[in-house]
Amino acid sequence: MIALVILISGRGSNMASLLAAANAGELPARIVGVISCRPDAQGLQTAALRGVPTRVVDYRLFAERQQFDAALAEAIDGFAPDLVVLAGFMRILGGDFVRHYGGRLINIHPSLLPAFPGLHTHRRALAEGVRIHGCSVHFVTPDLDHGPIIIQAAVPVLDQDDEAALAARVLVQEHRVYPLAVRWFAEGRLRLQDGRVQLDSPQSGEAVLIAPQLAAN
Ligand code: GAR
């Protein structure tokens, strides 16, 4: 069993999908702590209800980003995790922080990276008229929403889509790929090697690209 710390800023649905997978015995991992950068993050209540220790490192209390990063690292290291999982964590992390967790810091982003890093990914995908959209799980590097990609899921963009409909279609896939990526890491089969993703012995049916609805459209 590896120990996970999950970092959130809001709703926490990806966190909840990881908690559910761990509770169902699908993840050889224990979620030892959930940390939010906002005291009002909804996900804090979800975690507490499931008996997971929570902490808040409120970014508004720090004048400099480096001070926030240091306080955050202290809170994380207090849980001694093997893997740090960013799940809707909306603060930019500095290079020192990212290097400290090199190879054991992963993120999920709601686009097919490297397209649409940053905010409002679904709105921008609609504005660009892309026909395929999705989500990516990646190891974190000092560049925002950038880094070696572990797994992606693709969904179609439909003519009648608005931002909410597209976001909902992507979110279903987020809840599928993130537990999978974490499971691979927990099984010791996934690592970052010389800046590239190494996944050992994929089993049959295991794919690093999931595109459930594309064929039907
Ligand atoms: C998710 O869609 C996640 O991919 C995104 O924030 C949402 C959080 O939802 N993350 C980013 O945009 C990071 N750049 P959740 O709190 O319900 O998991």
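Everything numeric in this text was worked out from a predicted model, so none of it was measured. In listed order, ligands and their atoms are each counted from 1.
Given atom 6 (O) of ligand 1, the protein heavy atom at minimum distance is G88 CA, 3.7 Å. Protein heavy atom at the shortest distance from atom 9 (O) of ligand 1 is R11 NH2, 3.2 Å. The closest protein non-hydrogen atom to atom 16 (O) of ligand 1 is G12 N, 2.7 Å. Of the protein's non-hydrogen atoms, P110 CD, 3.6 Å is the one closest to atom 11 (C) of ligand 1. Counting protein heavy atoms only, atom 2 (O) of ligand 1 is closest to E174 OE2, 2.9 Å.
Atom numbering of ligand 1 starts at 1 in the shown order; those under 4.0 Å from a heavy atom of D145 are 14 (N). Counting atoms of ligand 1 from 1 in the listed order, those under 4.0 Å from a heavy atom of S13 are 15 (P), 16 (O), 17 (O), 18 (O).
Partners of R131 under the side-chain contact (heavy atoms from CB on, under 4.5 Å) rule, at least two apart in sequence or in another chain, are D159. Considering only residues two or more places apart in sequence or on other chains, Y101 meets the ring pair (Phe, Tyr, Trp, His ring centres under 6.0 Å) condition with F97.
Hydrophobic cluster membership is shared by V137 and F139, with clusters built from Ile, Leu, Val, Met, Phe, Trp and Tyr side chains linked at under 4.5 angstrom.
Not a single heavy atom of Q42 sits closer than 4.0 Å to an atom of ligand 1.
For L119, no heavy-atom contact with ligand 1 is shorter than 4.0 Å.
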**Request:** Would you check, one step at a time, whether the test side-chain contact (heavy atoms from CB on, under 4.5 Å) holds for L119 with M90?
**Result:** CA-CA 9 Å; L119 299 174; M90 303 307 275; 3.6 Å; yes

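H133 has its ring centre less than 6.0 Å from the ring centre of H122.
Under a 4.0 Å N-O distance rule, the pair E187/R183 qualifies as a salt bridge.
No side-chain heavy atom of L7 sits under 4.5 Å from any side-chain heavy atom of C37.
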